[in-house]
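Each residue takes its place number in the sequence, starting with 1.
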Amino acid sequence: MRTWKVRRGMLAAAVAGGLLLSGCTTGGENADRATGSGKRDRSGTAPLPAPGPASPGTGDAATPGEQQDDKGRGFTPRPDYLSTFALDVDTASYGYARRTLAAGSLPDPATVRPEEFINSFRQDYPRPEGDGFSVNVDGARTDEDGWSLMRVGLATRGDGSDAERPPAALTFVIDVSGSMAEPGRLDLVKESLATMTDELRDDDSVALVTFSDSAKKVLPMTRLGDHRDKVHSAISAMEPTQSTNLEAGIRTGYDTAVGARRDGATNRVVLLSDALANTGETSADGILERISDARSEHGITLFGVGVGSDYGDALMERLADKGDGHTTYVSDSEEARKVFCEQLPANIELRARDAKAQVAFDPQTVKQFRLIGYENRAVADDDFRDDSVDGGEVGPGHTVTALYAVRTRPGASGHVATASVRWLDPDNRDPHEESNEIETADMEGGLRTADHGLRTTAVAAYFADALRYGSSARTEPGDPATRPDTGTTANAPEPMSTSTVPSAQQPLPGAPSLAELARSAEELSEAATGEDKAPGADKALRDLATATRQADRLTGGNGYGGGGTEDEGELTGGR
């Protein structure tokens with residue numbers, strides 16, 4: 001039976017000095033404020049926050065606050081009990097990991113971002129009736145005593161019919177460097193663009209920019225209408241040559257998009273590349289500095305599509321992140337058709353700009369918590385209501401999921417957390433918020449009997465965690481630990497205990513083995529049928545099972561978890 005609680009609709013932004021979260025105050029003299037040590041720019045260039053209770057996304061017990069909310073609960077959302085991050089709908093990390101595993105190698109841990117594994121699986125959250133988000137919160141106990149997994153699910157209203165969306169003005173920036181000659185790169189891009197050209201509406205417009213050692217506009221912004229043959233001819237003529245000057249391609253692409261910007265249309269730059277920049281400016285910050293005005297003044301977002309067995313994952317992810325867009329990865333014709341013929345046309349319109357989430361945990365109930373992933377999407381807690389701080393862009397029909405490992409206090413009951421989302425209207429940039437709560441009673445069941453979507457989320461998170469840390473996840477007290485998302489070295493906290501913050505380098509509580517995760521994914525795929533399940537969920541879960549088994553073979557069966565038996569540790573039995 002479904003246990004998450006949902007509250008739908010759209011609330012006006014709280015005025016200054018009003019409520020921070022349900023039962024929390026801010027803006028007043030007594031408000032707890034996060035310190036600068038908890039702030040980290042989404043670019044990832046700022047130092048990682050020091051391990052400890054002040055780090056965003058983790059928290060440990062301190063003396064519970066003495067203030068009470070309007071229900072009489074002692075609930076003071078101290079900075080070390082707040083978790084704030086920008087919303088993310090990227091999926092490239094999971095797609096690239098599957099490609100790498102299928103080729104017989106384990107992915108580089110630096111390319112594994114758990115939130116992108118989690119968000120690769122569509123969820124059936126209830127949708128809001130209007131614009132904005134529904135906020136859904138549920139959870140279940142793990143096999144490790146005192147620990148639960150808590151899911152925060154956000155969903156936007158679907159886009160309705162294709163005819164209802166605004167027209168699109170899409171500038172495609174296409175890598176034709178020598179590295180794109182490999183099968184599955186430029187040939188896949190050309191096939192995808194040709195198919196998409198036939199799928200877009202007559203009032204949509206496309207421009208084509210190619211780049212190798214330099215960039216060239218090969219097709220000005222052209223309304224499709226009766227000009228599809230012209231577009232097809234330009235696509236067909238593209239051939240790989242020379243080096244990769246990604247900076248020149250993006251700069252020319254944005255110049256083209258700005259010069260041909262259509263009022264009332266969705267203006268977007270779509271980058272298709274293996275992101276192996278080797279000529280000109282090669283850093284994400286340097287590249288995007290040259291087109292910052294186009295992003296800030298004209299609101300032109302960047303959609304990155306990665307291809308190739310050798311792929312500049314970090315560069316593409318940073319480009320899309322700082323370009324107010326998102327990334328995906330395609331490795332075959334089926335995935336490419338889904339991206340270009342289903343996802344891109346359906347998600348041209350935006351439902352929310354600069355969307356951020358904040359979860360406030362109740363210190364009287366929660367002893368420790370850990371946000372799984374989102375390290376490079378961290379936002380300072382004080383910046384949740386600062387609308388000048390960058391967030392994530394979310395389109396119609398999207399779902400965004402965040403998963404937490406939560407350790408409750410022995411014998412504690414009642415309020416666990418309040419989850420809130422804040423966003424700007426994509427047209428007038430008015431701010432809005434929505435919130436929902438979860439209590440201990442909502443997390444009483446075990447994972448084996450939990451909602452299908454929650455079990456899917458758990459398998460994806462455990463899988464990503466295994467690929468990041470594997471059997472080396474356990475650290476010794478005082479040892480330095482390398483954070484795989486940035487390569488920054490920081491002193492690792494001590495192993496998880498009753499008095500320390502949970503370390504991101506340690507396995508998630510209740511972690512099954514990779515073999516058990518594969519069996520769970522297979523069983524979930526068999527159950528992923530019926531009108532209440534997301535379309536294509538059965539195949540997506542079969543693909544997850546295949547990838548997990550490939551990882552298990554490559555690690556010799558010793559990559560994660562405690563081993564277990566056929567009947568222990570799985571997330572599917574006993575439904």
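Judged by distance alone, the side chains of Ser283 and Asp285 never bring a donor and an acceptor atom under 3.5 Å apart. Between the side chains of Ser212 and Ser177, no donor-acceptor pair is found at a separation under 3.5 Å. Ser525 and Arg542 share no donor-acceptor pair across their side chains, judged by distance under 3.5 Å alone. Side chains of Tyr254 and Thr171: no donor on one and acceptor on the other come within 3.5 Å. Side-chain polar atoms of Thr328 and Thr91 form a donor-acceptor pair below 3.5 angstrom. Looking only at atom types and distance, the side chain of Glu281 has no donor-acceptor partner in the side chain of Asn245 under 3.5 Å away. Using modelled atom types, one finds a donor on one side chain and an acceptor on the other under 3.5 Å when comparing Arg262 with Ser205. There is a side-chain donor-acceptor pair under 3.5 Å between Gln123 and Thr457. For Gln550 and Arg98, the side-chain atoms include no donor-acceptor pair closer than 3.5 Å. Residues Ser420 and Glu434 bring no donor and acceptor atom of their side chains to less than 3.5 Å of each other. In the model, Asp274 has a side-chain atom that pairs as donor or acceptor with a side-chain atom of Ser179 under 3.5 Å. For Thr282 and Glu247, the side-chain atoms include no donor-acceptor pair closer than 3.5 Å.
Considering only residues two or more places apart in sequence or on other chains, Phe303 meets the ring-ring contact (aromatic ring centres under 6.0 Å, His included) condition with His326. For Tyr96, the ring-ring contact (aromatic ring centres under 6.0 Å, His included) test picks out Tyr311, Tyr329, with sequence neighbours left out. Qualifying salt bridge (charged side-chain N to carboxylate O under 4.0 Å, His left out) partners for Arg353, counting only residues two or more places apart in sequence or in other chains: none. Checked against salt bridge (charged side-chain N to carboxylate O under 4.0 Å, His left out), Asp175 has no partners two or more places apart in sequence or in another chain. Contacts of Phe172 classified as ring-ring contact (aromatic ring centres under 6.0 Å, His included), with partners at least two apart in sequence or in another chain: none.
The residues Arg422 and Asp354 are annotated as not salt-bridged, no charged nitrogen and carboxylate oxygen being separated by less than 4.0 angstrom. Ion pairing of Lys356 with Asp390 is absent here, as no side-chain N (NZ or NE/NH1/NH2) approaches a carboxylate O to less than 4.0 Å. Using a 4.0 Å cut-off between charged side-chain N and carboxylate O, Lys338 and Glu335 make no salt bridge. Using a cut-off of 4.0 Å between Lys/Arg side-chain N and Asp/Glu carboxylate O, Asp451 and Arg455 are scored as not salt-bridged. A salt bridge links Arg468 with Glu375; the closest basic N to acidic carboxylate O contact falls under 4.0 Å. Using a 4.0 Å cut-off between charged nitrogen and carboxylate oxygen, Arg228 and Asp202 count as a salt-bridge pair. By the 4.0 Å N-to-carboxylate-O rule, Glu116 lies close enough to Arg113 to be salt-bridged with it.
Although no hydrogens or angles enter the test, the distance criterion places a donor-acceptor pair under 3.5 Å between the side chain of Ser93 and the main chain of Thr111. In this structure, Thr156 contributes its side chain and Gly397 its backbone to a donor-acceptor pair below 3.5 Å.
For the pair Thr266 and Pro166, the tightest heavy-atom approach, listed with the atom from each and the gap, is OG1-CG, 3.7 Å. Counting all heavy atoms, side chain and backbone alike, Ser134 lies closest to Pro126 at OG-O, 2.6 Å. Here the closest non-hydrogen pair linking Gly253 and Val173 is CA-CG2, 3.7 Å. Counting all heavy atoms, side chain and backbone alike, Ala155 lies closest to Thr399 at CB-CG2, 4.1 Å. Residues Pro396 and Gly158 approach most closely at CB-C, 4.0 Å, considering heavy atoms. Looking at every heavy atom in both residues, Gly304 comes nearest to Met316 through CA-SD, 3.8 Å.
Taking CG of Asp88 as the start and OH of Tyr374 as the end, the distance is 5.5 Å to the nearest 0.5 Å. The distance from atom OG1 of Thr197 to atom CG of Asp204, rounded to the nearest 0.5 Å, is 10.5 Å. For the atom pair CG of Leu467 and CG of Leu514, the computed distance is 7.0 Å after rounding to the nearest 0.5 Å. Taken to the nearest 0.5 Å, the CG atom of Asp138 stands 5.0 Å off from the CG atom of Leu454. How far CG of Leu272 is from CE of Met180: 7.5 Å, rounded to the nearest 0.5 Å. The CG atom of Asp552 lies 11.0 Å from the CG atom of Leu101; values are rounded to the nearest 0.5 Å.
A 4.5 Å side-chain heavy-atom check between Val218 and Val209 finds every atom pair outside the cut-off. Val89 has its side chain within reach of Val400: a pair of non-hydrogen atoms, C-beta onward, lies under 4.5 Å apart. Arg151 places a side-chain heavy atom less than 4.5 Å from the side chain of Tyr125. Taking the side chain as every heavy atom from C-beta outward, Asp90 and Asn119 never approach each other to under 4.5 Å.
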Practice task
Step by step, work out the side-chain hydrogen bond (donor to acceptor under 3.5 Å, both in side chains) result for Ser83 and Gln358.
Solution key: CA-CA 6 Å; Ser83 172; Gln358 185 171 84; over 6 Å; no
Practice task
Would you sort out whether Ile250 and Leu271 count as a side chain to side chain contact (heavy atoms under 4.5 Å, CB included), showing the intermediate values?
Solution key: CA-CA 8 Å; Ile250 290 182; Leu271 172 64; 4.1 Å; yes
Practice task
Evaluate the side chain to side chain contact (heavy atoms under 4.5 Å, CB included) criterion for residues Met196 and Val231: first the C-alpha distance (whole Å), next the side-chain angles of each, then the deciding distance (0.1 Å), finally the verdict.
Solution key: CA-CA 11 Å; Met196 186 207 62; Val231 178; over 6 Å; no
Practice task
Apply side chain to side chain contact (heavy atoms under 4.5 Å, CB included) to Thr401 and Val152, showing your working.
Solution key: CA-CA 6 Å; Thr401 300; Val152 177; over 6 Å; no
Problem - Trace of the side chain to side chain contact (heavy atoms under 4.5 Å, CB included) decision for Val189 with Ile174 - result: CA-CA 8 Å; Val189 167; Ile174 303 153; 3.9 Å; yes
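Applying the ring-ring contact (aromatic ring centres under 6.0 Å, His included) test to pairs two or more places apart or on separate chains, none has a residue in residues 219-251.
For the side chain to side chain contact (heavy atoms under 4.5 Å, CB included) test with Leu424, the passing option among His432, Glu393, Arg429 is Arg429; the others fail.
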